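Since the structure is predicted, the reported quantities are computational estimates derived from the model, not experimental observations. Naming convention: chains lettered A, B, ... in sequence-line order (proteins, then strands); numbering from 1 in each chain.
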Amino acid sequence: MRSAVIIFPGSNCDRDMDVALTKYGFKNLMIWHNDATLPKCDLVVLPGGFSYGDYLRCGSIAGKSKIIKSVIDFANSGGLVLGICNGFQILTETGLLPGVLQRNKYLNFICRNIHVKINDKNNQYFKDIKKDVLEFHIAHNEGNYFCSEEELKIINNNNQIALTYCSSDGLEDNEYNPNGALKNIAGVFNKEKNVLGMMPHPERMIDKHLSGEDGSIFFENLMNNSK
Amino acid sequence: MKIKIIVTLKSGVLDPQGKAIQQTLNGMGFLDVKDVRQGKYFDIETNETDEVKAKNKVDEMCKKLLANLVIEDYKIL
């Protein structure tokens, strides 16, 4: 299984992602945003960070960078594309994912562990994960997911809501919504479910001594399902 | 030629920054302030001399980059 992590100016979770992918068996390559083509791979990851300093809107400038056309073609041909945090913002800006990530409701930068509920396991990302609730880390200023009412109906009907913020035992209450996201949404799929965007960072949860192991579950499962 | 653009949040879309500004203004004694919506302003200088053509191009720029039509509206002045 080959993967490619795209580096934009201002990406800062690209190396963590490289470590996580490599740890669970991916042959990973780091790709500069100004390259025109992707290497042959099965998974493309847009990492977290502050691409282009979050100028204009988070992810908007990166969404027009040279490599993105290849990423869109790759996604449209069925390839797996995963966007974490700023990567999620970039994917909404390219139109590969519905909705938008707005400024957090209480205007604070949030950096802490949270729990998310897996809403759909009928896809390569979460298939065969036994747990229903995972503990990940979030660190963002713009994670407040929003879409129009019509769009919400569509993504709901297609089971495109991938992850929702919840308590450690899976209660999706407003109390567990860190940023004001619509319906506690923490991650969404495209219609075909080969593209996934999520605010939480699984790559920060791959060591039981340092953080936690739910990221390990995520990457191990992704590796096994992609073979 | 210079073209000016204003990008604003669509009505109904939550604007936490506008809300914080409104509360601050109220706190400063500007008690009449009922609501604040924050937006963006762009000044674009182009080599195009035909105003209609220039504005058409700017319209395309707004749709493709300057505004996110999921949450924002734009006005070319």
_B/Gln17 versus chain A, the contacting section by heavy-atom distance below 4.5 Å_ = both

_Approximate separation, where rounding is to 0.5 Å, of A/Ser148 OG and B/Lys10 NZ_ = 8.0 Å

*What is the minimum heavy-atom distance between B/Ile71 and A/Phe146, and which atoms define it?*
CG2-CD2, 3.4 Å

*Tell me, for A/Asn144 versus chain B, whether the close heavy atoms (under 4.5 Å) come from the side chain, the backbone, both or neither.*
side chain

_Taking CZ in B/Phe30 as the centre, count heavy atoms belonging to other residues, nucleotides or ligands within less than 6.0 Å. Is the count above 12?_
no

*Beyond-backbone contact of B/Gln38 with A/Arg103, side-chain heavy atoms, under 4.5 angstrom*: no

*Count the heavy atoms belonging to other residues, nucleotides or ligands that lie under 6.0 Å from CG of A/Asn122, then report whether that count exceeds 12.*
no

*Taking all non-hydrogen atoms of both residues, which atom of B/Leu14 and which atom of A/Gln102 are closest, and how far apart?*
O-NE2, 3.2 Å

_Once rounded to the nearest 0.5 Å, what's the spacing between atom NZ of B/Lys40 and atom CG of A/Leu56?_
5.5 Å

*Check whether A/Lys64 gets within reach of chain B through its side chain, its backbone, both or neither, counting any heavy atom under 4.5 Å.*
side chain

*asked:* I'd like to verify something: which residue of A/Glu151, A/Lys105, A/Arg57, A/Glu93 has the highest number of heavy-atom pairs under 4.5 Å with chain B?
replied: A/Arg57

*Greater than 12 external heavy atoms within 6.0 Å of A/Lys183's NZ*: no

*asked:* Let me confirm one number: the CG-OG distance from B/Leu65 to A/Ser60, rounded to the nearest 0.5 Å.
replied: 5.5 Å

